[in-house]
There are 2 protein chains.
Amino acid sequence: MPSKPPAITMDAVYAAPGYLFRRMQQIAVAIFVEECRAFDLTPVQYAALVAIHTHPGIDATRLSAVIAFDRSTLGNVILRLESKALIERKPSSEDKRVKLLHLTRSGAAVLRDIMPSVDRAQARMLQPLKPADRKALLALLTQLVDLNNEASRVPLRAEDALEHLGRSG
Amino acid sequence: MPSKPPAITMDAVYAAPGYLFRRMQQIAVAIFVEECRAFDLTPVQYAALVAIHTHPGIDATRLSAVIAFDRSTLGNVILRLESKALIERKPSSEDKRVKLLHLTRSGAAVLRDIMPSVDRAQARMLQPLKPADRKALLALLTQLVDLNNEASRVPLRAEDALEHLGRSG
DNA sequence: GCCATATCGTAAGTATACTGTCAATCGAGG
DNA sequence: CCTCGATTGACAGTATACTTACGATATGGC
């Protein structure tokens, strides 16, 4: 006799990895925004600032690879950071297509000052778990993200992978 | 002497839970969309369909609590599902503010047919891990999402919590 | 029956996140 | 030198995801 299809229940949704990842991401953003409210920076904007700080004179395309965010999305992020005067865009003298990104003095100050709030936010996300479980979850997640890198629409290409493409900025 | 502040590096970003949650969510969505391309359904739209299937005649506000999605966001999701003729909205005879949600015949068929693709997508997300690690990650994540429920902007209020509010649909 | 309060759907505004496409520009081969 | 293919930034379009607000409606206290 034919096996009957499994019942469609919410429990199946609640237990699905994709659903849990989504919920956790929403929680993480909520916590980040709450802790960093005073700085008016979103998680993505913060990551972009760090990357520009680490790679002064990087261009938008490379920045998108370094933080694994979509290039089009990043365009708007850069626009907002620029309108808040946290970064500057200067045309490259070597390649007229490229606009090089640098932190402004104000951007560097914000980045320096926001660090404690960011650390507090990151800690709060894992707070409910026992310390050993936090380590275990982080290790598994790091592993999984790395192994799934190519499944992402915008795979991470860390600094190393970009060096051979480097143009002097 | 004063301790100097830790260097600001991308490695700190890459290791931050918030960054990993975001990356994993992006990967999960990419895999879901790829596996379910034939059905033209996003993860959120799928979750909404399941919830409406499980709770025929639910209203938008309650639906948002059952799947823990923002009410305003859900408004647009419902609009798209309706324009694809997967669900119907009917005014309640008891409360003129409320519009009750039901699957159409077509919506029920899509939900039935998409299940294998959804299962494949969910499996693919964890595929790179060893089976024991998959279980461990899911368990930790389930625990963390549950314990952080109230930190979310839209905490999950599962079916049970809604029953005492129930109005006959 | 009236009024303060709450709820429902909806909308405007902001911010990711992705798909395409396009013009300008660059680099390489012939 | 010139054309071809690739790259860069920009834009339009779709879909979450959240905030605040507002009108219509319900409800509880009186």
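Worth saying up front: this structure is predicted, and the values here are computed from it rather than measured. Just so we're on the same page: letters track the sequence lines, and every chain starts at 1.
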Quick one: [X] [atom1] to [N] [atom2], roughly how many Å, whole number?
{"X": "B:Lys99", "N": "D:dA26", "atom1": "NZ", "atom2": "P", "result": "13 Å"}
{"X": "B:Gln25", "N": "D:dC18", "atom1": "CD", "atom2": "C1'", "result": "14 Å"}
{"X": "A:Gln26", "N": "C:dA15", "atom1": "CD", "atom2": "P", "result": "18 Å"}
{"X": "A:Asp40", "N": "C:dA15", "atom1": "CG", "atom2": "C1'", "result": "11 Å"}
{"X": "B:Asp95", "N": "D:dG28", "atom1": "CG", "atom2": "P", "result": "12 Å"}
{"X": "A:Ile58", "N": "D:dT7", "atom1": "CD1", "atom2": "P", "result": "16 Å"}
{"X": "A:Phe32", "N": "D:dC18", "atom1": "CZ", "atom2": "C1'", "result": "16 Å"}
{"X": "A:Asp59", "N": "C:dT25", "atom1": "CG", "atom2": "P", "result": "16 Å"}

Any idea which of [options] is nearest the [X] side chain?
{"X": "A:Arg22", "options": "C:dT16, D:dT16, C:dC18", "result": "D:dT16"}
{"X": "B:Lys96", "options": "C:dC18, D:dT25, D:dG9", "result": "D:dT25"}
{"X": "A:Ala60", "options": "D:dG9, D:dA15, D:dC18", "result": "D:dG9"}

Report task. Provide the closest heavy-atom pair for A:Ala48 versus A:Leu63 in the form atom of the first, atom of the second, distance. Result -> O-CD1, 4.3 Å

Query raised in the report: Below 4.0 angstrom from OP1 or OP2 of C:dA17, is there any side-chain N or O of A:Arg153?
Result: no

Report task. For DNA chain C, determine which residues of residues 69-84 of chain B have any heavy atom closer than 4.0 angstrom to one of its atoms, and list them numerically. Result -> B:Arg71, B:Ser72

Query raised in the report: Is a side-chain donor-acceptor pair under 3.5 Å present for B:Arg23 with A:Asn149?
Result: yes

Query raised in the report: Is any side-chain N or O of A:Arg97 under 3.5 Å from a base N or O of D:dT8, one able to act as donor and the other as acceptor?
Result: no

**Report entry** Which residues share a salt bridge (Lys or Arg N to Asp or Glu O under 4.0 Å) with B:Arg71, sequence neighbours left out
**Finding:** none

Query raised in the report: Would A:Tyr19 and A:Tyr14 satisfy ring pair (Phe, Tyr, Trp, His ring centres under 6.0 Å), going step by step from the backbone distance to the final call?
Result: CA-CA 6 Å; A:Tyr19 178 80; A:Tyr14 295 152; 5.7 Å; yes

Requested in this report: Find out whether B:Gln26 and A:Phe69 are in side-chain contact, i.e. whether some heavy atom of one side chain is under 4.5 Å from a heavy atom of the other.
Outcome: yes

Report summary line: Result for side-chain contact (heavy atoms from CB on, under 4.5 Å) between B:Val13 and one of A:Val50, A:Val118, A:Ile67 points to A:Val50

Query raised in the report: Is any side-chain N of the basic residue among B:Glu82 and B:Lys90 closer than 4.0 Å to the acidic one's carboxylate O?
Result: no

Report summary line: Ranking A:Thr61 and A:Ile27 by the position along DNA chain D of their nearest nucleotide, the one closer to 5' is A:Thr61

